[in-house]
Structures are given as structure tokens and as C-alpha cells.
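Report on the following structure.
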Amino acid sequence: MSTIAPVLTAAAVSTAMPQRKKVTTAAFRQKKERGEPITMLTAYDYPTALAEDQAGIDSILVGDSLGMVVLGYQTTLPVTMDDMIHHSKAVSRGAKFALLIGDMPFMSYQASTEEAVRNAGRFLQEAGMDAVKLEGGRERVEAVRAIVGAGIPVMGHLGLTPQSVNQLGGFRPQGKTASAAKRLVEDALLLEEAGCFSIVLESVPARLAQLISKKLSIPTIGIGAGVGCDGQVLVTHDLLGLFDRFTPKFVKKYADFHAEMQRAFSEYISDVQSRAFPALGHSVEMDEKEWQALQKEIY
Ligand code: KIV
């Protein structure tokens with residue numbers, strides 16, 4: 001028996017590996033039907049979007065969490081449409097395959113249906129997004145219908161909806177009483193009926209999220225909502241340990257990039273101070289003949 005591993009030709013490799021296709025809202029639905037968990041992360045810039053896309057993520061959300069984890073605000077309320085478009089453009093330059101979802105910021109869809117449709121359209125027309133997300137239940141049905149009617153896929157968002165932080169009395173779990181849970185089930189069904197292709201369930205009891213996921217034919221994406229959702233999303237800066245202020249209970253930290261950045265910056269500072277950086281290899285060289293010519297000119 002030969003111990004030499006067979007060498008695959010490029011052609012054989014390309015037929016052996018399934019070609020990666022752009023993820024669509026239809027693919028989201030098919031994943032739910034097949035019982036395959038949908039993966040989603042946030043991104044706000046080109047390099048993060050590129051790395052997530054290359055890692056094989058199904059969907060990237062340009063979340064308005066941008067306001068807190070990148071821009072340093074205390075809540076998501078100050079985030080504007082222009083902030084979102086600017087960061088969404090960077091993300092769409094980095095990601096080729098993931099379904100790209102732009103998060104509609106506070107007051108971009110609440111004042112009127114017409115404004116909601118126009119602002120949703122900007123995410124697709126100017127920023128290269130494939131869909132939009134907005135927060136709220138029964139009070140958003142009209143806006144969802146109008147945006148979907150304009151040909152723009154909409155993701156809903158129920159439970160802890162950070163744009164309503166002042167109404168909710170803080171960033172706290174939702175749907176913990178039977179009546180609040182019933183209202184969330186009803187809202188989820190109304191959003192599905194209005195045309196949402198998927199719904200984020202944030203910080204709701206796992207049993208409730210599972211019940212909603214079973215009742216809906218569109219996929220649910222959970223954040224702090226247990227394993228019974230059809231997919232999961234995390235804020236990337238939480239997962240990477242890049243957000244210094246707090247880490248929600250439901251986050252699993254996969255890295256400590258804040259500490260790693262501090263370590264690298266301290267090392268750089270000390271290298272510059274000790275003249276260990278730049279070393280010879282980091283400098284541009286000048287041809288000896290040109291150097292001699294310069295010497296003659298100057299001295
Ligand atoms: O803004 C955001 O990042 C979000 C996720 C937490 C779902 O809405």
C-alpha cells in the first residue's frame with residue numbers, strides 16, 4: 001500500500017470544495033427548514049467585515065451598537081443615518097458573501113412611513129446593504145409593510161430593543177412575565193405577517209425564544225435568548241473583548257483584544273523610547289553612489 005498521499009489537482013480541488021455563494025434571505029429560510037443554525041455578527045468597518053466574511057459568516061449586521069462600541073456614546077440614540085451609511089459602505093467593501101443588514105437608527109423610521117422607506121432605501125442604494133433591520137413590534141407593522149412593499153427585505157427586532165432604553169427603564173431582559181411574553185409572541189407573528197424575513201430576539205427567556213421560533217416560519221436570530229433560536233448574533237466588540245465598559249451576561253468572550261492592543265501599544269512605546277524600533281529592516285536604503293553624490297553636494 002502506498003504511503004504517499006494523493007495530490008489533488010487544482011481542478012479536482014475546485015470540484016471537491018463547494019463553491020461559496022452569496023447568502024440571500026431565501027438561504028436564511030432554507031437554513032431554518034434544514035435545522036441548520038444561522039451565524040451572524042456585527043461589523044462596522046472594512047477589516048472586520050473582511051475577516052468575518054472570510055471566516056464564513058452567514059450574515060453581517062452593521063448594528064447601531066456602533067454608537068456604543070465604536071463611537072463611545074452611552075446609548076445607541078445619538079447614532080444618525082449618515083453614521084450608519086458611512087460605516088455600512090466600509091462593511092460592504094469588505095464582505096462578498098455574507099447577507100449584509102443595515103440597522104435603521106433611532107428616528108430614521110419612527111416619524112413617518114415615507115421617511116422609513118426613504119431611509120431604508122439609502123442602505124441599499126448608497127451603502128451596498130442587502131436588507132435593513134428595525135426595532136419594535138405591533139407599532140412598526142405599517143413601516144415594515146411599506147419598506148417590504150418597496151422591495152427591501154426587513155429584519156425585525158423584539159425583546160430588549162436598545163432604542164427604547166428610556167421606555168424600558170434600562171438595558172434589561174424582556175418578556176419575563178406571562179403577559180409580557182404573550183405580547184412578544186403576538187408581536188413576532190404580526191412582524192412575520194407584515195413581511196419580515198427574520199426577527200432578532202434580544203435578551204428574552206430561552207423558553208420563550210424557543211416557543212416563538214417554533215411558531216414562526218421565518219428564522220429567529222437570538223442574542224441572549226438561548227439555543228432554541230434559529231441562529232445567533234453577537235456584537236463583535238463583545239466577542240473580541242474590545243468593549244471596555246461592560247460585558248453582558250449572555251456574551252461568550254472569544255478573545256481579549258483590549259488587553260492585546262494595550263500590550264502591543266506598550267511594547268511599541270518602549271521600543272521607540274529605547275530606539276529598538278525602527279530597526280535597519282524597517283528603513284528605506286539609499287544607493288551608495290547617490291549617497292556619495294549627495295555628500296559632495298552638501299559638504
Ligand atoms: O445594534 C446591534 O448590534 C444589534 C444587535 C445587538 C442585534 O441590534
Side-chain angles (χ1 to χ4, degrees), residues 28 37-45 48-49 52 57-81 83-88 90-91 95 98-110 119-120 123 127 129 131-137 140 144 154-165 168 170-175 184 188 191 196-204 209 212-213 218-226 229-240 242-243 245-253:
F28 254 50
I38 297 164
T39 60
M40 182 159 127
L41 280 172
T42 65
Y44 319 97
D45 58 37
T48 312
E52 290 176 355
I57 200 83
D58 290 319
S59 178
I60 297 179
L61 170 70
V62 187
D64 66 349
S65 47
L66 159 78
M68 296 175 73
V69 301
V70 174
L71 304 178
Y73 296 126
Q74 293 297 321
T75 69
T76 58
L77 302 184
V79 177
T80 64
M81 267 307 290
D83 291 332
M84 292 305 301
I85 295 292
H86 179 74
H87 287 270
S88 298
V91 167
L99 180 77
L100 302 180
I101 304 171
D103 207 3
M104 298 194 70
F106 182 56
M107 288 320 292
S108 68
Y109 56 94
Q110 291 91 339
N119 284 322
F123 277 99
M129 296 287 105
V132 298
K133 174 171 89 57
L134 54 78
E135 297 182 5
R140 299 291 160 242
V144 170
V154 179
M155 172 176 263
H157 184 158
L158 292 172
L160 170 50
T161 45
Q163 291 174 18
S164 307
V165 61
L168 302 177
F171 295 103
R172 52 184 74 217
Q174 300 296 308
L184 280 177
L191 289 178
C196 281
F197 74 92
S198 174
I199 299 176
V200 166
L201 298 174
E202 178 166 354
S203 211
V204 299
I212 293 174
S213 306
I218 56 171
T220 59
I221 308 293
I223 172 162
C229 294
D230 302 303
Q232 298 293 328
V233 59
L234 278 180
V235 169
T236 293
H237 285 52
D238 289 336
L239 168 157
L240 294 177
L242 259 176
F243 184 55
R245 255 186 270 149
F246 61 87
T247 307
K249 171 182 176 311
F250 52 75
V251 168
K252 179 171 173 185
K253 254 190 178 186

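Numbering of ligands and ligand atoms starts at 1, following listing order.
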Q: Among all protein heavy atoms, pick out the one at the shortest distance from atom 2 (C) of ligand 1; state its residue, atom name and that distance to 0.1 Å.
A: Ser65 OG, 3.3 Å
Q. Considering only heavy atoms of Ile223, which atoms of ligand 1 have at least one such atom less than 4.0 Å away?
A. 6 (C)
Q: Please name the residue in the list Leu158, Leu160, Asp64 that meets the side chain to side chain contact (heavy atoms under 4.5 Å, CB included) test with Glu135.
A: Asp64
Q) Hey, is the main chain of Gln163 close enough, under 3.5 Å, to the side chain of Thr161 for a donor-acceptor pair? A) no
Q: Within a distance under 4.0 Å of any heavy atom of His157, pick out the atoms of ligand 1 and give their elements.
A: 8 (O)
Q | Nearest atoms (heavy-atom pairs only) where Lys133 meets Val200 | A | CD-CG2, 3.9 Å
**Q.** Glu202, any N or O under 3.5 Å of ligand 1 N or O
**A.** no
**Q.** Nearest heavy atoms of Ala43 and Ile60, plus distance in Å
**A.** CB-CG2, 3.6 Å
Q) Distance only, no hydrogens: is a donor on one side chain within 3.5 Å (strictly under) of an acceptor on the other, for Thr42 and Tyr44? A) yes
Q. For Tyr44, is at least one N or O under 3.5 Å away from an N or O on ligand 1?
A. no
Q) Rounded to the nearest 0.5 Å, how far apart are OG1 of Thr220 and CD1 of Ile199? A) 8.0 Å
Q: Would you please test Met68 and Gln74 for side chain to side chain contact (heavy atoms under 4.5 Å, CB included) and show each step?
A: CA-CA 6 Å; Met68 296 175 73; Gln74 293 297 321; over 6 Å; no
Q | Proximity to ligand 1 by part of Asp103, non-hydrogen separation under 4.0 Å | A | side chain
Q. Can you tell which part of Leu61 has a heavy atom less than 4.0 Å from ligand 1: side chain, backbone, both or neither?
A. side chain
Q.
Check contact between Lys133 and ligand 1, using heavy atoms of the residue and a distance below 4.0 angstrom.
A. yes
(Q) Could you tell me, atom by atom, which parts of ligand 1 come under 4.0 Å of a heavy atom of Thr42? (A) 3 (O)
**Q.** Contacting atoms of ligand 1, where contact means under 4.0 angstrom from a heavy atom of Gly63
**A.** 1 (O), 2 (C), 3 (O)
